[in-house]
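Here the structure is laid out as structure tokens; the discussion comes afterwards.
The figures here come from the full heavy-atom set of this structure, side chains too, leaving out hydrogens, waters and symmetry mates.
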Amino acid sequence: MAQLAASPASRRRAGFAPAHARKANLALVSRPHIQRSSIPFTVLCTLVLLGAVIATLLLNISMTNMSYEVAKLQRESRELSEQTQMLEEKSDLLGTPQELERQARELGMVPAGKVAYIDLANGSIIGEPAAATQGAAALVPHVAKAPKNLYDYGMGNERAR
């Protein structure tokens, strides 16, 4: 009886615990850790790095091509600016009064004689009209022609031709 009268703490020490108490002492054990291969992770990292390198190379190639395109367009712009300047100089030279008179004479034109005007308000003629003659003097005084390329003279480039 003495054993039956023993306290529950002494029973636990003695190993006489009931069945429900023995289950409470059990703990869950995780399943064994399986070693996974690191190859997929390595392949993933390699692919990411390879993609980054390829993207960098493609970007670099694209930037180089754009650089060549910009240089080409700048060269074309400079050539067009030079051509525009030459055409403006030619237009200025051809538009001078002396050049216009020379071209008119080549076409067979002569300077006008006496000029007369018509007053539209009353229909009267002002002045004495006269026909133009072939031997009339030039209306525009002749001035020495400017060199074709003004920027070639006066800067020490005269002998370069």
Side-chain angles (χ1 to χ4, degrees), residues 8-9 11-113 115-118 120 132-161:
R11 267 193 237 151
R12 267 188 240 134
R13 278 186 241 128
F16 295 113
H20 71 280
R22 274 188 254 142
K23 286 183 183 177
N25 288 336
L26 295 178
L28 289 176
V29 178
S30 63
R31 76 183 163 175
H33 185 63
I34 300 171
Q35 288 289 333
R36 292 190 180 164
S37 175
S38 64
I39 291 176
F41 180 72
T42 305
V43 169
L44 177 68
C45 288
T46 303
L47 289 176
V48 168
L49 286 174
L50 186 62
V53 168
I54 289 174
T56 303
L57 286 174
L58 290 175
L59 182 64
N60 192 6
I61 290 170
S62 173
M63 289 177 62
T64 302
N65 288 340
M66 291 304 287
S67 172
Y68 285 125
E69 186 72 21
V70 166
K72 177 184 165 192
L73 292 174
Q74 285 175 342
R75 184 177 61 250
E76 286 179 11
S77 174
R78 186 175 53 251
E79 290 171 358
L80 289 173
S81 294
E82 290 173 1
Q83 184 180 9
T84 301
Q85 184 178 1
M86 286 177 19
L87 290 173
E88 285 175 353
E89 287 177 9
K90 186 176 181 181
S91 173
D92 290 344
L93 182 65
L94 292 176
T96 61
Q98 293 85 9
E99 183 64 24
L100 290 174
E101 181 185 0
R102 185 190 63 76
Q103 290 175 1
R105 286 194 186 274
E106 285 178 1
L107 293 173
M109 300 173 91
V110 293
V115 181
Y117 300 97
I118 299 176
L120 295 178
T133 60
Q134 183 68 26
L139 296 176
V140 179
H142 286 284
V143 182
K145 275 191 168 183
K148 288 186 179 181
N149 296 321
L150 289 176
Y151 51 86
D152 284 344
Y153 291 90
M155 296 183 185
N157 298 340
E158 291 86 9
R159 285 179 256 126
R161 295 185 142 211

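- The shortest non-hydrogen separation linking L93 to T96 is O-OG1, 3.1 Å.
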Just do the side-chain hydrogen bond (donor to acceptor under 3.5 Å, both in side chains) check on Q83 and E79 with the steps written out, would you?
CA-CA 6 Å; Q83 184 180 9; E79 290 171 358; over 6 Å; no
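- Side-chain contact check for P111 versus R105: some heavy-atom pair is nearer than 4.5 Å.
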After noting the C-alpha distance and the side-chain angles of R75 and K72, does the key distance pass the side-chain contact (heavy atoms from CB on, under 4.5 Å) rule?
-> CA-CA 5 Å; R75 184 177 61 250; K72 177 184 165 192; 3.7 Å; yes
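- Qualifying side-chain contact (heavy atoms from CB on, under 4.5 Å) partners for I54, counting only residues two or more places apart in sequence or in other chains: L50, L58.
- A distance of 10.5 Å separates NZ in K90 from CD in E99, rounded to the nearest 0.5 Å.
- Atom CE of residue M86 and atom OG of residue S81 lie 12.5 Å apart, to the nearest 0.5 angstrom.
- Looking at every heavy atom in both residues, L94 comes nearest to Q103 through CD2-NE2, 3.7 Å.
- Not one N or O on the side chain of S91 forms a donor-acceptor pair closer than 3.5 Å with the backbone of L87.
- A distance of 12.5 Å separates CG in L57 from OG in S62, rounded to the nearest 0.5 Å.
- Put simply, the side chain of S77 never gets that close to the backbone of L73: no donor and acceptor are under 3.5 Å apart.
- Within 6.0 Å of CG in L100 there are more than 12 heavy atoms belonging to other residues, nucleotides or ligands.
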Identify every side-chain donor-acceptor pair in residues 26-45 under 3.5 Å, counting partners at least two apart or on other chains, and give the distances.
unit_1	atom_1	unit_2	atom_2	d
S37	OG	I39	N	3.3
T42	OG1	S38	O	2.8

